[in-house]
Amino acid sequence: MRRIAPAVQRFIAERIDSVGQLEVLLLVRSEPERRWSASEVSRELRSESTWAEVQLEYLRVEGLLVATRSNRPTYRYDRARSELETVVEQVSDAFEDQRAEVIKLIFSQRPSER
């Protein structure tokens with residue numbers, strides 16, 4: 001079994017609080033030119049719209065998504081942050097190839113907040 005790359009471990013420790021949050025990031029990243037609403041994300045991930053809205057906004061604050069300014073914002077992946085794109089690509093690959101290990105890593109982070 002391959003070990004999860006240190007850059008991926010750091011990214012998850014610093015920016016990802018839950019598996020669902022990672023799934024939102026990877027969903028939005030899968031179509032980088034598309035603007036996603038919370039209701040579209042919730043439909044795709046079969047979650048509550050309010051939950052999706054919170055996750056999208058968290059990822060925006062973390063500098064991973066950009067949002068339109070409106071009463072009902074839409075979000076897209078921020079490809080302009082090239083320094084993050086390499087590690088996000090590695091995170092995506094790890095989640096695809098080593099899903100169980102990535103999930104364990106996420107759950108092992110920030111135990112006092114879970």
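Side-chain contact of Ser39 with Ser49: a donor-acceptor pair under 3.5 Å is absent, judged by distance alone.
The distance from the CG atom of Leu59 to the OH atom of Tyr77 is 10.5 Å, given to the nearest 0.5 Å. Summarising the geometry, atom CG belonging to Leu64 is positioned 6.5 Å from atom CD1 belonging to Ile16; distances are rounded to the nearest 0.5 Å. The CG atom of Leu56 lies 10.0 Å from the CD atom of Gln21; values are rounded to the nearest 0.5 Å. With rounding to the nearest 0.5 Å, the separation of CD1 in Ile12 from CD in Glu14 is 11.0 Å. Considering OH of Tyr58 and OG of Ser18, their distance stands at 9.0 Å, rounded to 0.5 Å. Of the inter-residue distances, the one linking Phe11 atom CZ with Gln90 atom CD reads 10.5 Å to the nearest 0.5 angstrom.
At least one side-chain heavy atom of Glu85 sits under 4.5 Å from a side-chain heavy atom of Arg29.
A pairwise comparison of heavy atoms in Ala7 and Val87 identifies O-CG2, 3.4 Å as the closest pair. Leu26 and Ser92 make their closest contact through CD2-CB, 3.8 Å (heavy atoms, listed as atom of the first residue, atom of the second, distance). Heavy-atom minimum distance, Ala38 versus Ala52: O-CB, 3.5 Å.
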Derivation of the salt bridge (charged side-chain N to carboxylate O under 4.0 Å, His left out) call for Glu101 and Lys104: CA-CA 5 Å; Glu101 290 78 18; Lys104 285 178 196 173; 5.2 Å; no
Arg72 and Glu53: CA distance, side-chain angles, deciding distance, salt bridge (charged side-chain N to carboxylate O under 4.0 Å, His left out) verdict: CA-CA 10 Å; Arg72 295 193 178 240; Glu53 187 176 340; over 6 Å; no
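Under a hydrophobic clustering in which Ile, Leu, Val, Met, Phe, Trp and Tyr are joined whenever their side-chain heavy atoms come within less than 4.5 Å, directly or via other members, Val66 and Val28 fall into different clusters.
Screening Val19, Leu25, Leu27 against Glu23 for a side-chain contact (heavy atoms from CB on, under 4.5 Å) leaves a single residue, Val19. The only member of Thr86, Leu84, Val102, Val8 that meets side-chain contact (heavy atoms from CB on, under 4.5 Å) when paired with Val91 is Val8. For the side-chain hydrogen bond (donor to acceptor under 3.5 Å, both in side chains) criterion with Tyr75, the lone passing option out of Gln55, Arg60, Arg34, Glu57 is Glu57.
In this structure, Glu89 places its CD atom where more than 12 heavy-atom neighbours from other residues, nucleotides or ligands lie under 6.0 Å away.
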